[in-house]
Amino acid sequence: MQGDITEQEVDAVVNAANSSLMGGGGVDGAIHRRGGPAILDECRALRASRYGRGLPTGQAVATTAGNLPARWVIHTVGPVHSRDEDRSALLASCYRESLKVADSLGAATVAFPAISAGIYGWPMDDAARVAVTTVRAASTSVEEVRFVLFGADALAAFERAL
Ligand code: AR6
């Protein structure tokens with residue numbers, strides 16, 4: 001669907017974060033702005049404990065969703081298109097690992113943005129193909145995966161991929 005991921009009434013929304021977990025632009029900025037400081041507080045605690053060197057690309061971790069309608073935010077770090085080797089495998093890993101975290105939380109409905117297709121520079125068609133292929137092949141208890149796309153072009157790319 002076309003829409004704003006921060007408005008989704010799902011169990012978990014996935015954040016296209018960066019390794020620092022300290023916020024940024026795009027989806028990340030919108031989630032922290034709308035979700036409020038409780039999310040950043042948990043991100044800081046994660047940095048002080050499990051992820052002292054940051055969350056590695058392709059991995060995922062959950063926090064509260066603060067004031068968002070969702071219950072959890074699952075933060076994942078997509079690969080930068082121009083920089084990361086094995087970028088397709090890393091992008092696939094973002095979707096798979098996020099679904100694993102969702103399973104561990106008991107989340108039945110999960111909303112994903114087009115990870116890496118903004119500031120991280122992926123061509124939308126390619127990002128959509130990796131997203132759709134990976135989610136379709138995933139073994140998960142999640143009942144609904146909702147791709148929430150910003151704009152008609154992104155929606156069209158995901159429709160083509162589907
Ligand atoms: N809802 C749904 N989609 C959105 C929203 C929204 N509210 N806002 C943007 N998009 P990006 P990335 C779309 O840049 O490429 C941050 O600074 C956007 O149009 O959010 O993985 C992080 O801290 C695009 O199609 O994520 C990282 O440093 C897609 O979501 C870096 O950006 C992803 O764009 C991550 O870059």
Side-chain angles (χ1 to χ4, degrees), residues 1-37 39-44 46-47 51 53-63 65-99 101-102 109-135 144-162:
M1 61 173 283
Q2 200 175 324
D4 181 339
I5 200 158
T6 64
E7 294 172 359
Q8 301 305 307
E9 298 193 357
V10 287
D11 293 328
V13 297
V14 175
N15 181 18
N18 60 65
S19 285
S20 80
L21 295 176
M22 292 296 114
V27 174
D28 200 8
I31 283 177
H32 280 284
R33 248 189 331 272
R34 190 128 188 234
I39 301 175
L40 197 56
D41 287 347
E42 281 196 25
C43 286
R44 284 211 180 88
L46 284 166
R47 284 299 308 275
Y51 296 109
R53 302 174 70 180
L55 181 66
T57 303
Q59 295 193 25
V61 67
T63 65
N67 302 324
L68 298 181
R71 184 155 168 208
W72 298 286
V73 174
I74 299 172
H75 307 264
T76 189
V77 182
V80 178
H81 189 262
S82 63
R83 190 183 69 198
D84 289 307
E85 287 177 31
D86 288 335
R87 58 188 179 213
S88 294
L90 286 168
L91 185 57
S93 174
C94 288
Y95 287 94
R96 253 193 322 270
E97 293 301 313
S98 295
L99 289 172
V101 171
T109 52
V110 178
F112 279 99
I115 299 166
S116 286
I119 292 163
Y120 281 178
W122 278 61
M124 188 58 79
D125 274 306
D126 202 30
R129 182 185 55 75
V130 174
V132 167
T133 311
T134 308
V135 166
E144 181 190 336
V145 169
R146 193 180 296 175
F147 294 110
V148 182
L149 293 326
F150 228 34
D153 290 351
L155 179 65
F158 272 72
E159 283 173 345
R160 279 192 294 276
L162 280 163

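Whatever order the structure lists them in is the order used to number ligands and atoms, beginning at 1.
- Counting only distance, with no hydrogens or angles, the side chain of T6 and the backbone of A30 share no donor-acceptor pair below 3.5 Å.
- In this structure a side-chain-to-backbone donor-acceptor pair under 3.5 Å is present from S93 to G58.
- Here is the list of ligand 1 atoms found below 4.0 Å of a heavy atom in N18: 22 (C), 23 (O), 27 (C), 28 (O).
- Shortest contact from atom 32 (O) of ligand 1 to any protein heavy atom: I119 CD1, 3.3 Å.
- Within ligand 1, counting atoms from 1 as listed, the ones closer than 4.0 Å to a heavy atom of D28 are 22 (C), 23 (O).
- In terms of protein heavy-atom proximity, atom 26 (O) of ligand 1 is closest to A16 CB, 3.6 Å.
- The closest approach between D4 and ligand 1 falls below 4.0 Å for a heavy atom of the residue.
- Scanning all heavy atoms of the two residues, the minimum distance from L55 to S19 falls at O-OG, 2.8 Å.
- Remark: minimum distance from atom 1 (N) of ligand 1 to any protein heavy atom is reached at I5 N, 2.9 Å.
- At least one heavy atom of G3 lies less than 4.0 angstrom from ligand 1.
- Atom 33 (C) of ligand 1 has A114 O, 3.2 Å as its closest protein atom, hydrogens excluded (heavy atom only).
- Summary of contacts: the protein heavy atom closest to atom 21 (O) of ligand 1 is S116 N, 2.8 Å.
- Summary of contacts: the protein heavy atom closest to atom 6 (C) of ligand 1 is F150 CE1, 3.6 Å.
- A donor-acceptor contact closer than 3.5 angstrom is absent between the side chains of H81 and S116.
- Geometrically, ligand 1 and V27 share a nitrogen or oxygen pair separated by less than 3.5 Å.
- Distance check, rounded to the nearest 0.5 Å: CG of N18 to OG1 of T76 gives 11.5 Å.
- Checked by distance only, ligand 1 and Y120 come closer than 3.5 Å through their nitrogen or oxygen atoms.
- Nearest non-hydrogen protein atom to atom 15 (O) of ligand 1 is G118 N, 2.8 Å.
- In terms of N/O distances under 3.5 Å, ligand 1 is not approached by P113.
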Q: Evaluate the criterion salt bridge (Lys or Arg N to Asp or Glu O under 4.0 Å) for residue pair D126 and R129; output intermediate values, then yes/no.
A: CA-CA 5 Å; D126 202 30; R129 182 185 55 75; 2.6 Å; yes
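- At a threshold of 4.0 Å, the pair R146-E144 counts as salt-bridged, since one of the basic side-chain nitrogens sits closer than that to a carboxylate oxygen.
- Between the side chain of D11 and the main chain of T109, a donor-acceptor pair closer than 3.5 Å is present.
- Residue-ligand proximity, M124 to ligand 1, at heavy-atom distances under 4.0 Å covers atoms 25 (O).
- One finds the CG atom of L40 at 9.5 Å from the OG1 atom of T63 (value rounded to the nearest 0.5 Å).
- The shell of residues lying under 4.0 angstrom from ligand 1, judged by heavy atoms, excludes G78.
- Closest approach of C94 and G78 over heavy atoms only: SG-CA, 3.6 Å.
- Looking only at protein heavy atoms, the nearest one to atom 16 (C) of ligand 1 is G25 O, 3.4 Å.
- Contacts between A154 and ligand 1, counted as non-hydrogen atom pairs separated by less than 4.0 Å, are absent for every part of the residue.
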